Amino acid sequence: MRLILLGAPGAGKGTQAEILSRELNIPTISTGNILRAAMKNGTPVGLKAKSYVEAGQLVPDDVIIGIIEERLAQPDCSNGYILDGVPRTIPQAQAMEESGIGIDWAVSIEIADEVIVERMSGRRTCKNCSQTFHIVNNPPKQEGICDFCGGELTIRKDDAPETVRTRLEVFHKETEPLKDFYAERGKLKTVDNQPSIEATTAAIREALGI
Ligand code: AMP
């Protein structure tokens, strides 16, 4: 299964990707996580990406295309993958197509902007392994500590309300047109955000017939 998860920042792509990854036994590739790791390690890609990520803007397409081509060539992607947060622009989707990166379905998680802004204020991210939690909807067992690796949970800089609003604007302008791009190819499934994580997973499974 080769899936793209589409949706606004905070729609739950990362959370759903992680669940589906485990169930389907295929890796999730999150360009956001790759960029944050590169920034933390101060690599050339990280240095290039930092100002864009922190301002809530998109990192240039050529940087993203390089990252994704390299990552998808790894052997663990040979049985399928879930792409979380990529492609995010039409040129990225075209470049992926031209490189022969196959896709079975693009699943769009539909959610209202107001719900996002409220939700993002409660998001906490592990500094160490990037796992995300929510203080109300998906709290860690121990406050401030990652259930998976014991790392410290922090608020991502770009989850600040003003930056979230910028990210939503960027989403509507640059990323939402991808729904038409995949619909034209007969590859779009849309799923409404549900009141719980489990219900949204069930809706995705139903849409995909898995
Ligand atoms: P995310 O964790 O997916 O919300 O990504 C966090 C930030 O990383 C975004 O706001 C962008 O600045 C950058 N980013 C992640 N993926 C992409 C992408 N495919 N294209 C451009 N920028 C990206």
Side-chain angles (χ1 to χ4, degrees), residues 3-18 20-21 27-41 43-72 81-99 101 103 106-109 111 113 115-117 119-134 138 153-179 181-182 193:
L3 282 183
I4 293 173
L5 292 183
L6 290 175
K13 301 185 298 293
T15 304
Q16 295 300 330
E18 194 220 328
L20 293 168
S21 233
T28 288
I29 317 300
S30 155
T31 39
N33 286 349
I34 292 171
L35 291 170
R36 279 184 287 279
M39 284 160 53
K40 190 169 147 193
N41 296 327
T43 68
V45 163
L47 294 174
K48 240 190 236 175
K50 194 172 190 305
S51 60
Y52 297 97
V53 173
E54 289 184 351
Q57 299 292 346
L58 294 183
V59 172
D61 288 334
D62 59 326
V63 176
I64 299 294
I65 292 161
I67 290 176
I68 202 76
E69 285 180 352
E70 191 183 314
R71 181 61 188 88
L72 291 180
Y81 36 79
I82 299 172
L83 302 182
D84 162 17
V86 68
R88 240 173 168 108
T89 64
I90 298 274
Q92 289 179 19
Q94 284 167 337
M96 284 170 47
E97 239 177 29
E98 280 156 23
S99 318
I101 295 172
I103 289 301
V107 178
S108 172
I109 305 176
I111 180 167
D113 285 6
V115 182
I116 298 274
V117 177
R119 188 187 272 188
M120 299 288 261
S121 64
R123 176 151 85 171
R124 299 291 180 271
T125 304
C126 176
K127 246 184 172 171
N128 185 42
C129 75
S130 301
Q131 180 71 38
T132 57
F133 297 85
H134 188 281
N138 181 26
L153 299 183
T154 55
I155 301 178
R156 259 169 60 177
K157 260 193 186 153
D158 59 339
D159 280 349
E162 326 75 75
T163 315
V164 168
R165 274 185 272 276
T166 306
R167 291 166 66 199
L168 281 169
E169 276 167 31
V170 170
F171 167 73
H172 290 302
K173 184 159 169 268
E174 305 281 350
T175 308
E176 219 166 12
L178 287 173
K179 289 193 325 199
F181 181 92
Y182 288 108
N193 174 61

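Read the numbers this way: they start at 1 and go in the same order the structure lists the ligands and their atoms. In this text the structure is predicted, and so the values were computed from the model without any measurement. We use all heavy atoms of the structure for the numbers below, so side chains are in, but hydrogens, waters and symmetry mates are not.
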- Any N or O on Gly56 sitting closer than 3.5 Å to an N or O of ligand 1? no

- Message: Determine whether Ile64 and Leu35 satisfy the following criterion, side chain to side chain contact (heavy atoms under 4.5 Å, CB included), listing intermediate values before the conclusion.
- Response: CA-CA 9 Å; Ile64 299 294; Leu35 291 170; 4.0 Å; yes

- Item | Nearest-0.5 Å distance that lies between atom NZ in Lys127 and atom OG1 in Thr125 | 12.0 Å

- Message: How far is atom 22 (N) of ligand 1 from the closest protein heavy atom, and which atom is that?
- Response: Val59 N, 3.1 Å

- Query: Between Glu54 and Lys50, is the closest basic N to carboxylate O distance under 4.0 Å?
  - Reply: yes

- Item | Atom pair CD1 (Ile109) and CG (Asn193), whose distance is rounded to the nearest 0.5 Å | 7.5 Å

- Message: Under 4.0 Å, heavy-atom basis, I'd like to know which part of Gln57 is in contact with ligand 1: side chain, backbone, both or neither.
- Response: backbone

- Answer with side chain, backbone, both or neither: which part of Arg156 has a heavy atom less than 4.0 angstrom from an atom of ligand 1? side chain

- Item | Atom indices of ligand 1 within 4.0 angstrom of Gly85 heavy atoms, with elements | 16 (N), 17 (C), 18 (C), 19 (N)

- Going by the order shown, which atoms of ligand 1 are within less than 4.0 Å of some heavy atom of Val86? 19 (N)

- Query: Heavy-atom contacts under 4.0 Å between Leu35 and ligand 1: side chain, backbone, both, or neither?
  - Reply: side chain

- Message: Quick check for you: to the nearest 0.5 Å, what is the distance between Thr154 atom OG1 and Asn128 atom CG?
- Response: 10.5 Å

- Message: Return the closest protein heavy atom for atom 23 (C) of ligand 1 as residue, atom name and distance.
- Response: Ile64 CD1, 3.9 Å

- Task: List every atom of ligand 1 that sits less than 4.0 Å from any heavy atom of Gln92, numbering the atoms from 1 in the order shown and giving each element.
- Result: 18 (C), 19 (N), 20 (N), 21 (C)

- Item | Under 4.0 Å to a heavy atom of Arg167 - the qualifying atoms of ligand 1, by number | 4 (O), 10 (O)

- Measure the spacing between NZ of Lys40 and CZ of Arg36 and express it to the nearest 0.5 Å. 11.5 Å

- Query: How far does CD of Glu70 sit from CD1 of Ile65, to the nearest 0.5 angstrom?
  - Reply: 14.0 Å

- Message: Tell me the protein heavy atom at minimum distance from atom 16 (N) of ligand 1, and give that distance in Å.
- Response: Thr31 OG1, 2.8 Å

- Query: Between Asp159 and Arg167, is there a side-chain N and carboxylate O pair less than 4.0 Å apart?
  - Reply: yes

- Query: Out of curiosity, His134 NE2 to Met120 CE, how far, rounded to the nearest 0.5 Å?
  - Reply: 10.0 Å

- Query: How far is atom 1 (P) of ligand 1 from its nearest protein heavy atom, and which residue and atom is that?
  - Reply: Arg88 NH2, 3.4 Å

- Note on the structure: Within the 4.0 Å heavy-atom cut-off, what Val53 brings close to ligand 1 is both

